[in-house]
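For reference, the structure discussed in these notes is given below.
We number each residue from 1, following the sequence as shown.
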Amino acid sequence: MSGPREGAASRPIQGQAALPGKGGLVRIGRAFWNTVGGFREGLATEAAIKQEAALAVVALPVSIFVAESLWIWAALMGSLVMLLAAEFLNTAIERLCNHVHPERHEAIKVTKDLASAGVFCVIAVTAMIWIVAVVDRFFV
């Protein structure tokens with residue numbers, strides 16, 4: 001037996017459909033400039049993003065000396081990129097929460113704490129990758 005929503009679910013929503021002129025290079029270009037705007041905003045306003053970006057800039061030349069192979073270098077730098085990605089997502093979640101419910105609210109606090117825990121997990125993995133690479137390179 002089909003429900004009343006079956007027909008609606010099988011049709012694409014107008015705003016989500018790839019419309020002529022809205023896809024391809026135009027979409028990619030717009031997405032790129034949205035990304036640039038996100039980088040600018042995060043780097044201009046968020047202390048944690050500024051600190052992690054500075055860490056990545058310093059770590060880039062260090063990684064060349066630490067990494068014995070291209071794969072190790074990719075893991076070192078990739079871990080820092082993932083850390084920045086987690087921090088940008090955490091910032092987006094915090095800002096959305098503050099916009100939706102600016103007053104103190106327990107559910108919003110829990111949401112922000114969960115996002116922060118996600119960043120901590122990425123910090124832990126990043127630290128583990130860097131420690132293992134340094135130990136393997138210089139002490140084993």
Side-chain angles (χ1 to χ4, degrees):
M1 179 175 199
S2 67
R5 298 195 53 127
E6 183 178 293
S10 64
R11 290 184 307 227
I13 297 172
Q14 184 73 11
Q16 292 179 348
L19 301 174
K22 301 287 186 188
L25 294 177
V26 171
R27 184 193 61 77
I28 292 169
R30 287 184 182 152
F32 172 78
W33 288 112
N34 290 339
T35 301
V36 169
F39 275 113
R40 282 186 184 149
E41 178 66 21
L43 289 167
T45 62
E46 294 297 321
I49 291 173
K50 289 177 188 178
Q51 292 164 353
E52 291 162 5
L55 175 66
V57 168
V58 170
L60 178 61
V62 173
S63 69
I64 294 167
F65 296 105
V66 172
E68 289 185 306
S69 73
L70 193 56
W71 282 108
I72 293 172
W73 181 82
L76 292 170
M77 294 312 297
S79 68
L80 291 171
V81 171
M82 292 303 297
L83 176 56
L84 276 167
E87 196 63 64
F88 275 105
L89 291 171
N90 180 47
T91 297
I93 290 167
E94 287 181 353
R95 288 192 181 186
L96 180 60
C97 287
N98 291 343
H99 176 75
V100 170
H101 205 292
E103 306 85 40
R104 181 162 172 79
H105 189 277
E106 190 58 31
I108 296 294
K109 180 189 179 310
V110 169
T111 300
K112 289 179 175 184
D113 289 349
L114 290 167
S116 181
V119 172
F120 179 81
C121 290
V122 178
I123 290 170
V125 169
T126 300
M128 179 185 64
I129 290 169
W130 276 83
I131 290 167
V132 168
V134 167
V135 168
D136 186 53
R137 175 77 163 107
F138 298 109
F139 301 105
V140 175

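Between Asn34 atom CG and Arg30 atom CZ the span is 9.5 Å, to the nearest 0.5 Å.
More than 12 heavy atoms of other residues, nucleotides or ligands shown are found within 6.0 angstrom of CD1 on Ile28.
Residues that satisfy the side-chain contact (heavy atoms from CB on, under 4.5 Å) test with Leu55, not counting sequence neighbours, are Leu80. Here Glu94 pairs with nothing under the salt bridge (Lys or Arg N to Asp or Glu O under 4.0 Å) rule; sequence neighbours left out. For Val100, the side-chain contact (heavy atoms from CB on, under 4.5 Å) partners two or more places apart in sequence, or in a different chain, are Leu96.
The hydrophobic clustering, which links ILVMFWY residues whose side-chain heavy atoms are closer than 4.5 Å, places Met77 and Val57 apart. Linking ILVMFWY residues whenever their side-chain heavy atoms come closer than 4.5 Å, directly or via other members, leaves Leu89 and Met82 in distinct clusters. Val62 and Phe138 fall within a single hydrophobic cluster, where Ile, Leu, Val, Met, Phe, Trp and Tyr are joined by side-chain heavy atoms under 4.5 Å apart, directly or via other members.
Through side-chain heavy atoms spaced under 4.5 Å, either directly or across other Ile, Leu, Val, Met, Phe, Trp or Tyr residues, Val36 is tied to Phe32, Trp33. Ile49 forms part of a hydrophobic cluster together with Phe39, Leu43, Leu84, Phe88, judged by ILVMFWY side-chain heavy-atom separations under 4.5 Å.
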Extract all donor-acceptor atom pairs below 3.5 Å that involve side chains of residues 119-137 and protein atoms in other chains or at least two apart in sequence.
| unit_1 | atom_1 | unit_2 | atom_2 | d |
| --- | --- | --- | --- | --- |
| Thr126 | OG1 | Ser79 | O | 3.1 |
| Thr126 | OG1 | Val122 | O | 2.8 |
| Trp130 | NE1 | Leu76 | O | 3.2 |
| Trp130 | NE1 | Ser79 | OG | 3.4 |
| Arg137 | NE | Phe65 | O | 3.0 |

When the side chains of residues 107-118 are checked against the rest of the protein, which donor-acceptor pairs come out under 3.5 Å, sequence neighbours left out?
| unit_1 | atom_1 | unit_2 | atom_2 | d |
| --- | --- | --- | --- | --- |
| Lys109 | NZ | Asp113 | OD2 | 2.6 |
| Thr111 | OG1 | Ala107 | O | 2.9 |
| Lys112 | NZ | Asn98 | OD1 | 2.4 |

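Listed by first and then second residue, the salt bridge (charged side-chain N to carboxylate O under 4.0 Å, His left out) pairs involving residues 49-61 amount to none (not counting sequence neighbours). Applying the ring pair (Phe, Tyr, Trp, His ring centres under 6.0 Å) definition to pairs two or more places apart or across chains, those involving residues 96-119 are His101-His105.
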